[in-house]
Amino acid sequence: MPRLYCKEYPWYAPGDAKRRENGVLAARLMLNAALTAPTTGGEDHTEGEIVWGEEELDGIARKMEELAYSLGNKRLEDEFKYEAVMVRASDCVLLLGACRAKVSPFDADCGVCGGAEGCSYVYKRHRTASGLIDPTDRSLCKTMWDGPFCGIRALNLGFGIGSALWIASRLMVDSCAMMSAGLAGQRLGYCRNSELVVGLPVATLAKNPYVDIIPDYHVLNMDRLLDEARKAYILPRQAGPDFRVYRVKREGEQIEGEE
Amino acid sequence: MAFYDGAKLRDEGVLEAAKLVSLSIHKAPSLTGKKVVKSMVVTGDAFMVMMDTISAVVDKLGLGAFTNFQFVPVVSDYFTFRTAIDTEGWSPMAMLIGADVTRSDLGWDCGACGFPTCAEFNKYSRDHRSCGPLQGGRVAAEGPSCMWKTMDYAMSVDWAAATLHYLNVENRCLMTFGGLAHSLGYLEGTSIVTMIPLGPVVEHWYYSRPGLPRLMGVKSGYLPDMMVDMLGSEFLRARHPDLWTSLPALAHPWIKKEKYWEEPRGYASVGPNPDLDKAMAEVDVALWESVDEHRKKLEALKQKESFK
């Protein structure tokens, strides 16, 4: 008779791997919700990608850690490092990208981006050809994101994130929106058509891994401290004598040869 | 034992839903952890100030003044509300959700706004904050905006709509009347406002817009020619003539229509249109005047009616 056994520890053991599959299932439904979220003008503007597996999640986490230092932004350094730990603890990461945010503004003169006539606030700040934004030009970007972006596209991405998180909360899985995971995912080539990406890690753990975070969490996280425990335990153990020769005397036990 | 009128209970239920939606708006998740969002429920006279603002322009310039303009969406929403009130007995009620996303206190220096640092963005915002030209340049959102604060705000709007969906309250996120509410000053201290009407509680009121044919007195199941022109191929051909070109290799291809060979040839052209500019400017001015006038009325109403 088939069985589906789930237990969250040891991590990536068969029982934990099954549990993580459930998280991926939730992420797929979250992606659906993001795709059907309210959208200005009903235009298709969102792409999504789900990333799972120990190696893949570690790849995103390592990129987040690399960005924590390479960006040179002291305000964000800890945030990126802490959130990398959270990504490793997650079942998967749902990446949502606004694939029209840079190259295809809504063109409604709405003013959210900057208020200039003809959406020129966005158009003037990117290289253009024949009145259209050149998607091949990524060289001018000196910042994390190649802005400015169309405000309506950002608004709609927010709707998508909101719907995805709404479904997560209804499915009783933990998730949160991260700029850091989105940036790392985008730099690694996920959501390949999007210049603006947000990451939503998903977890089905006993303890929500995205809240109740202590200072220096990139070091003082459970993975690291468990590893420290493994190290600390092993050294004193090596002073143990041959267990076949020397036994611990139990209470009331009479040892042969003793009075 | 008692008898309850289902329609009355439904209307009471919408107000209860509004309370629950308020919870969702403020409970909604954020990306930055620094979300500040404002919300307000408007009913009756407080709602009608927005309607009166648009009706004053329609009365002054006539419905035809709006055809082919960027004002079509706001006028279309206006008539959808109008018929809901007139034919469905809808007691107008809407949720207004707003936030000021033109200032960044994040310090992320991420570049998504177009500036290398939040400080430079904030300086530009302080000097240049303004509405977009949409709907006359005063009936829209203000920019520039921090993209992350915009997403935070959007999550609240999304949770409001999702809550209403779960509660079976007909709704739609409207930036048209949201922009109008912003310009009239409903939610002070905000740069962007979205309006979500609550009800009428019928199927797809804001999507299939049954109000529009009723408004035009359509009794049968056939659309009048005017609506066919407004919504059908005439509408599309005017906006996307390239979808109807004859052989594009010709320097000036015909724009096709039904039996186009029997009609004088039609061509698309690109160039200035002073008449259109003038007509649009006329609507701009009428809308500005109406907003200025009704802003005072709203202020007086706020003074008179206490907040509940």
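Scope of the values below: all heavy atoms of this structure, side chains included, with no hydrogens, waters or symmetry mates. Quick caveat: nothing in here was measured; it's all calculated off a predicted structure. In what follows, chains are A, B, ... by sequence order, proteins preceding strands, each numbered from 1.
- When side chains are defined from C-beta on, A:Trp166 counts as touching B:Thr163, because their heavy atoms get closer than 4.5 Å.
- No more than 12 heavy-atom neighbours from other residues, nucleotides or ligands sit within 6.0 angstrom of CZ on A:Arg192.
- Proximity to chain B (any heavy atom under 4.5 Å) is shown, for A:Ala101, by neither the backbone nor the side chain.
- Closest non-hydrogen pair, A:Leu155 versus B:Ala154, comes out as O-CB, 3.0 Å.
- Smallest separation of non-hydrogen atoms from B:Ala140 and A:Cys110: CB-O, 3.4 Å.
- Applying the 6.0 Å contact sphere to CZ of A:Arg28 captures no more than 12 heavy atoms from other residues, nucleotides or ligands.
- Taking both residues in full, the closest heavy atoms of A:Val112 and B:Ala141 are given as CG2-CB, 3.6 Å, listed atom of the first, atom of the second, then distance.
- Highest contact tally toward chain B, considering only A:Ser163, A:Gly160, A:Gly151, is held by A:Ser163 [criterion: heavy-atom pairs under 4.5 Å].
- Taking the side chain as every heavy atom from C-beta outward, A:Met179 and B:Leu31 approach each other to under 4.5 Å.
- Nearest approach of B:Phe115 to A:Arg125, heavy atoms of both residues: CZ-NH2, 4.2 Å.
- Open room surrounds NZ on A:Lys124; 12 or fewer heavy atoms of other groups in view lie less than 6.0 Å from it.
- Nearest approach of A:Tyr121 to B:Cys113, heavy atoms of both residues: OH-O, 3.1 Å.
- For chain B, no part of A:Leu183 is nearby; none of its heavy atoms comes within less than 4.5 Å.
- Contact annotation for B:Ala112: both backbone and side-chain heavy atoms come within less than 4.5 Å of a heavy atom of chain A.
- Note: B:Ser30 OG to A:Ile161 CD1 = 10.5 Å, rounded to the nearest 0.5 Å.
- For A:Arg187, the CZ atom sits in a packed shell: over 12 heavy atoms of surrounding residues, nucleotides or ligands are nearer than 6.0 Å.
- No side-chain heavy atom of A:Trp145 sits under 4.5 Å from any side-chain heavy atom of B:Met147.
- Contact check for B:Met151 versus A:Leu196: side-chain heavy atoms found under the 4.5 Å cut-off.
- Minimum interatomic distance between B:Met155 and A:Ala177 (heavy atoms only, all atoms of both residues): CE-CB, 4.3 Å.
- The residue among B:Thr117, B:Ile192, B:Asp152, B:Leu106 with the most heavy atom pairs within less than 4.5 Å of chain A is B:Leu106.
- Residue with the most contacts toward chain A among B:Trp159, B:Tyr153, B:Tyr124: B:Trp159 (heavy-atom pairs, distance under 4.5 Å).
- Atom-to-atom distance recorded for B:Asp158:CG and A:Thr39:OG1 is 11.0 Å, nearest 0.5 angstrom.
- Of all residues spanning residues 78-92 of chain A, those with a heavy atom less than 4.5 Å away from chain B's heavy atoms are A:Glu79, arranged by number.
- Here the OG1-CZ distance, from B:Thr150 to A:Phe149, works out to 12.0 Å after rounding to the nearest 0.5 Å.
- At least one donor-acceptor pair closer than 3.5 Å links the side chain of A:Asn73 to the backbone N or O of B:Trp108.
- For residues 198-208 of chain A, heavy-atom neighbours of chain B at less than 4.5 Å comprise A:Val198, sorted by residue number.
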